[in-house]
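Below is one structure, written out as structure tokens; comments come after it.
By convention in this document, chain letters (A, B, ...) are assigned in the order of the sequence lines, proteins followed by strands, and residues within each chain are numbered from 1.
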Protein chains: 2
Amino acid sequence: MQSFTEENYLKIIYHLAENTNNVQTNAIAEQMQTKPASVTDMIKKLADKGFIDYVKYQGVTMTEKGRNAAIDIVRKHRLWEVFLVDKLNFKWDEVHDVAEELEHIKSTALIERLDEFLGFPKSDPHGDPIPDKNGRFAKTQFTKLIELKIGDSGTITGVSQHSSAFLKHLEKLGLTLGKQIQINDVTDFDGSVEIVISDKQINISREVAKHILISSNGKN
Amino acid sequence: MQSFTEENYLKIIYHLAENTNNVQTNAIAEQMQTKPASVTDMIKKLADKGFIDYVKYQGVTMTEKGRNAAIDIVRKHRLWEVFLVDKLNFKWDEVHDVAEELEHIKSTALIERLDEFLGFPKSDPHGDPIPDKNGRFAKTQFTKLIELKIGDSGTITGVSQHSSAFLKHLEKLGLTLGKQIQINDVTDFDGSVEIVISDKQINISREVAKHILISSNGKN
DNA sequence: TTAAATTTTTAGGTAAATCTAAAAAAAATA
DNA sequence: TATTTTTTTTAGATTTACCTAAAAATTTAA
Ligand SMILES: [Mn+2]
Ligand SMILES: [Mn+2]
Ligand SMILES: [Mn+2]
Ligand SMILES: [Mn+2]
């Protein structure tokens, strides 16, 4: 069994590995809010334990064992987030920090029964997929709102930024999961996007549009 | 905020202080499954932080601050136990170890909403009282079954031993919370007790009888 | 009330996870 | 290609929570 710290490293390396092949020391340090020297120490340890492959100066890649361990933590994180929102009436912007703690509770029985209690949810309050107990989950194929063209429409099915400030902002604009949107116009001046949502026309900044994930109507 | 280790020390000192005025170093070491020398280190630290009063060679006593901190942990532990039994269908002998981890999750909002979700329970699956959010709880006045005399009767309202082995044994004998019992006889030979429960007559060992808590009929 | 037993503390050390400062390697740029 | 910049690693410390062995204080018993 791994320490909390090891689990946090594994989860972060796993997420970084979704975008790059070789995960860099500095990238890990930034995510872990620690120093590169500390990361070097830890990745040696994780490599010794067989969670990652590590070649000096070349960054790290996850092994099968490491990926499984990381997915297990992600599963727990997302299930707890569903619990907090569905059962304890937390808002979607309030759950992340608590889930960061709850994800480290070690009990297979607990997480399986929680999964069942929640009705085996497929996605968390931010639209992210929840791996099943075998670590399997549908690889979601979303389009960023910013990439849509005028006239395109779709459903909000996820966000790629989990900060409380961002989520609260979306909430205020009515941009919540499941809502239908259509692109009306893209402003030349600042790249902001004019969309129609719930029969109202609103303008959202480029920065916001970058982090909203859309599934096109008709598919998915 | 305290570390997990500090919280565990506080909780154990709090429980030991229920039976003695000055809690001894060795008693803490035994409960913490650690060495007396380690305890000395930690109690100095807890004294520095104002959680306990400590005089060399005299043992420790809890301060108001320490008691409040400990009660808060006990509250969390017991609420999580209720959650596990009431919502996730754990048995009463399966919850303790998981609750030992969950009790350290730091979020006031979480525990208050959990309390509400559970319907503000007054006692946990083992009959122990749950402090409210201000740390107040009814001091339960139970009698040990072993202390009852022939002919006495009452209701099982608690246990003073939380090991899985003991609780499973009680379950098998049908000795669960809320059950009515009456003392039929006490065996001279081994001190075992013959009781009537659910219209059946069974014999329980002295050791078992010591750890079952009864509230007399009529009161409580 | 001295001697023996028990309890508690001190002294000195270890392992995990962090840090700073400086050296080494790799990548980018001129 | 040589130089500069960036990335990564090493070396050496620090902090927390432990440990063992030995000394000191307290309690119990003779
Ligand atoms: Mn999250
Ligand atoms: Mn999430
Ligand atoms: Mn318990
Ligand atoms: Mn309990």
For residues 79-96 of chain B, which side-chain donor-acceptor pairs fall under 3.5 Å, sequence neighbours excluded?
from, atom 1, to, atom 2, distance (Å)
Trp80(B), NE1, Leu102(B), O, 3.4
Glu81(B), OE1, His126(B), ND1, 3.1
Glu81(B), OE2, His77(B), NE2, 2.8
Trp92(B), NE1, Leu167(B), O, 3.3
Trp92(B), NE1, Glu171(B), OE1, 3.0
Asp93(B), OD2, Ser164(B), OG, 3.3
Glu94(B), OE1, Lys91(B), N, 2.7
His96(B), ND1, His77(B), NE2, 3.2
His96(B), NE2, Glu100(B), OE2, 3.2

Between the protein and nucleotides 11-16 of chain C, list the N/O to N/O atom pairs that are separated by less than 3.5 angstrom.
none

**Request:** Consider the side chain of Pro36(B), meaning its heavy atoms from C-beta on, and name the nucleotide among dT10(C), dT9(C), dT9(D) that approaches it most closely.
**Result:** dT9(C)
**Request:** Kindly write out the residues that satisfy salt bridge (charged side-chain N to carboxylate O under 4.0 Å, His left out) with Glu101(B), not counting sequence neighbours, or none if the list is empty.
**Result:** none
**Request:** Name all residues meeting the side chain to side chain donor-acceptor pair (under 3.5 Å) criterion together with Ser192(B); count only those two or more places apart in sequence or in a different chain, and write none if there are none.
**Result:** Thr187(B), Asp190(B), Asn203(B)
**Message:** Run the ring pair (Phe, Tyr, Trp, His ring centres under 6.0 Å) test against Phe166(B) and tell me which residues pass, sequence neighbours left out.
**Reply:** His211(B)
**Asked** Between dG12(D) atom C1' and Lys35(A) atom NZ, what is the distance in whole Å?
**Response** 17 Å
**Request:** Check the distance between dT8(C)'s P and Met42(B)'s CE and give it to me in whole angstrom.
**Result:** 17 Å
**Asked** Which salt bridge (Lys or Arg N to Asp or Glu O under 4.0 Å) pairs, counting each pair once, include a residue from residues 125-147 of chain A, with sequence neighbours left out?
**Response** Glu112(A)-Lys133(A)
**Asked** Which nucleotide, dT9(D), dC19(D), dT10(C), lies nearest any side-chain atom of Ile43(A)?
**Response** dT9(D)
**Complete:** With sugar-phosphate taken as primed atoms, P, OP1 and OP2 and all else as base, the protein-contact string of nucleotides 22-27 of chain C at under 4.0 Å (heavy atoms; B, S, -) is --BSS-
**Asked** From Leu213(B) CG over to Thr143(B) OG1, what is the distance, rounded to the nearest 0.5 angstrom?
**Response** 8.5 Å
**Prompt:** For Asn21(A), does the CG atom sit with more than 12 other heavy atoms under 6.0 Å from it, leaving out its own atoms?
**Reply:** no
**Request:** Look at the side-chain N and O atoms of Thr40(B) and state whether any lies under 4.0 Å from the OP1 or OP2 oxygen of dT10(C).
**Result:** no
**Fill in**
Regarding the side chain of Tyr9(A), the nearest nucleotide among dC18(D), dT18(C), dT10(D) is dT18(C)
**Request:** Answer yes or no: does a side-chain N or O of Ser38(A) lie under 4.0 Å from OP1 or OP2 of dC19(C)?
**Result:** yes
**Prompt:** Heavy-atom contacts under 4.0 Å between residues 17-33 of chain A and DNA chain D, which residues?
**Reply:** Gln24(A), Thr25(A), Asn26(A)
**Asked** Got a sec, which pairs hit ring pair (Phe, Tyr, Trp, His ring centres under 6.0 Å) with one end in residues 44-75 of chain B, sequence neighbours left out?
**Response** none
**Complete:** Applying salt bridge (charged side-chain N to carboxylate O under 4.0 Å, His left out) to Glu7(A) and not counting sequence neighbours gives Lys106(A)
**Prompt:** What does Tyr54(A) touch in the nucleic acid at a heavy-atom separation under 4.0 angstrom: a base, only the sugar-phosphate, or nothing?
**Reply:** sugar-phosphate
**Prompt:** Who pairs with Glu194(A) by salt bridge (charged side-chain N to carboxylate O under 4.0 Å, His left out), at least two apart in sequence or on another chain?
**Reply:** none
Validation: residues 25-32 of chain A side-chain donor-acceptor distances under 3.5 Å, sequence neighbours left out:
none

